[in-house]
Amino acid sequence: MLTRAFFDRDTLTVTRELLGQRLVRELDGVRIAGRIVEVEAYIGQGDAACHARSGRTKRNASMFGPPGHAYVYFIYGMHHCLNIVTELDGQAAAVLIRALEPVEGLGAMRAHRGDVSDRRLTTGPGCLCQALAIDRSLDGVDLCAPGAALFIEIAPRIPDSEVAVSPRIGIRGDTAALSAPWRMYLRGSEYVSHRSRRQAAAAAAASNARPSCKER
DNA sequence: GGATCGATCGGCT
DNA sequence: GCCGATCGATCCG
């Protein structure tokens, strides 16, 4: 599993390096896991889009804590979102996990999500928390602790050529922070959220072009 | 293919 | 009171 030192770095570095790693949830002895394909950075009280922008509160307290812990919040009356805390204890910064590619425990994911397509199991921050049964009870848990119910496993690195960036989803505004390209995702992954139909078609074409799928 | 809207509730102005 | 780091359905062009 990834250790504290991984998360105890500059937030944009951690954001970039989290792409491709495997998020693992252990629930009732079952492993539910996915490859991280979309993330966003939220960096400190100077970031007008960060929950910590107005200081420490009961809700965002874990974002101010030490790196390598979870920050889970409840939003819109029905969804949870998972962040991984970065930077020093006392500094509020975290990486929002926005989408996974399902890898293990598809059955458990579907049991949590209902009868949806594989693509919709873990695409979007609210969806992946539902699939992995992540809620406020996991807020503040240490992802680096032995036996943690939630942690991250090392997986092959994503090359720079496959990483794309964009402004963060759901963040509006003209200031430098609000329009900063702090969303990073795996280019061409069908599990990335907020794709246009054109992007979806490109991803499908890339998938069909894989040697293992080629006919004749 | 994009815009809009309702659901639903905890947290904070 | 108001609004949100969302999701999914629906409507329109």
Side-chain angles (χ1 to χ4, degrees), chain A residues 11-12 14-16 18-19 23 34 36-65 69-87 91-100 102 109-140 150 164-185 190-205:
Chain A
T11 299
L12 288 175
V14 177
T15 304
R16 163 65 181 87
L18 274 173
L19 285 175
L23 177 67
I36 297 172
V37 297
E38 181 182 355
V39 287
E40 284 177 358
Y42 288 85
I43 310 177
Q45 297 191 240
D47 177 359
C50 182
H51 285 169
R53 61 186 176 274
S54 298
R56 186 179 197 135
T57 67
K58 187 174 181 181
R59 175 168 83 145
N60 67 24
S62 49
M63 204 174 6
F64 284 81
H69 290 243
Y71 165 46
V72 181
Y73 65 89
F74 182 62
I75 190 74
Y76 294 116
M78 60 185 80
H79 300 296
H80 293 276
C81 295
L82 169 69
N83 294 254
I84 315 298
V85 176
T86 62
E87 315 235 359
Q91 287 191 28
V95 180
L96 171 68
I97 309 299
R98 286 196 55 91
L100 304 175
M109 289 183 185
R110 182 156 284 109
H112 298 144
R113 289 278 294 127
D115 186 21
V116 301
S117 67
D118 281 2
R119 194 189 98 73
R120 301 183 82 167
L121 281 176
T122 53
T123 290
C127 291
L128 74 88
C129 281
Q130 189 178 24
L132 272 58
I134 294 169
D135 61 24
R136 283 282 284 174
S137 69
L138 290 175
D139 181 51
L150 188 67
V165 304
S166 84
R168 293 170 291 181
I169 299 294
I171 307 300
R172 301 175 299 278
D174 295 332
T175 67
L178 291 177
S179 58
W182 289 347
R183 171 178 178 240
M184 304 184 194
Y185 57 97
E190 65 174 316
Y191 299 98
V192 168
S193 70
H194 285 259
R195 298 178 312 158
S196 66
R197 190 168 285 197
R198 180 182 184 79
Q199 292 169 314

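Values in this document were obtained by computation on a predicted structure and should not be read as measured data. Note: hydrogens, waters and symmetry copies are ignored here, and every other heavy atom, side chains too, is used.
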Subject >> Cation-pi, A:Tyr42 ring and A:Arg168 (6.0 angstrom, 45 degrees) >> reply: yes
Original post:
Below 4.0 angstrom from OP1 or OP2 of C:dC7, is there any side-chain N or O of A:His79?
Top reply: no
Original post:
Using purine N1 to pyrimidine N3 plus N6-O4 or O6-N4 for Watson-Crick, or N1-O2 and O6-N3 for G-U wobble, each under 3.5 Å, what pairs with C:dC3?
Top reply: B:dG10
Original post:
Any side-chain N or O of A:Arg113 less than 4.0 Å from the OP1 or OP2 oxygen of C:dG8?
Top reply: yes
**OP:** Please assess A:Asp118 against A:Arg110 for the test side chain to side chain contact (heavy atoms under 4.5 Å, CB included), listing each intermediate value before the final yes or no.
**Re:** CA-CA 8 Å; A:Asp118 281 2; A:Arg110 182 156 284 109; 2.7 Å; yes
Subject >> Out of B:dT8, C:dA5, C:dG8, whichever nucleotide has its closest atom nearest the side chain of A:Cys127 >> reply: C:dG8
**OP:** Please work out if A:Ile171 contacts a base, only the sugar-phosphate, or nothing of the nucleic acid, heavy-atom cut-off 4.0 Å.
**Re:** sugar-phosphate
Subject >> N or O in side chain of A:Arg120 less than 4.0 angstrom from C:dG8 OP1/OP2 >> reply: yes
**OP:** Select from A:Phe74 and A:His194 the residue whose nearest nucleotide in DNA chain C is closer to the 5' end of that strand.
**Re:** A:Phe74
Original post:
Should A:Thr57 be listed as having a side-chain N or O under 4.0 Å from OP1 or OP2 of B:dG11?
Top reply: no
**OP:** Give the rounded distance in Å between these two atoms: CD of A:Glu38 and P of C:dA5.
**Re:** 16 Å
Original post:
Are A:Glu190 and A:Arg119 within salt-bridge range, i.e. N to O under 4.0 Å?
Top reply: no
Original post:
Looking for any heavy atom pair under 4.0 Å, which part of the strands does A:Ser193 touch: base, sugar-phosphate only, or nothing?
Top reply: nothing
**OP:** Decide yes or no on side chain to side chain contact (heavy atoms under 4.5 Å, CB included) for A:Tyr73 and A:Asn83, but give the supporting numbers first.
**Re:** CA-CA 8 Å; A:Tyr73 65 89; A:Asn83 294 254; 3.4 Å; yes
Original post:
Contact class for A:Arg183 vs. all strands (heavy atom < 4.0 Å): base, sugar-phosphate, or nothing?
Top reply: nothing
**OP:** Start with the C-alpha gap between A:Gln45 and A:Arg53, add the side-chain angles, then the distance that decides, and say whether side chain to side chain donor-acceptor pair (under 3.5 Å) holds.
**Re:** CA-CA 4 Å; A:Gln45 297 191 240; A:Arg53 61 186 176 274; over 6 Å; no
**OP:** Please report, rounded to the nearest Å, how far the C1' atom of C:dA5 is from the CG atom of A:Asn83.
**Re:** 8 Å
Subject >> Donor-acceptor pair present, A:Tyr76 side chain and B:dA7 base, under 3.5 Å >> reply: no
**OP:** Please figure out whether A:Leu128 or A:Arg172 has its closest DNA chain C nucleotide nearer the 5' end.
**Re:** A:Arg172
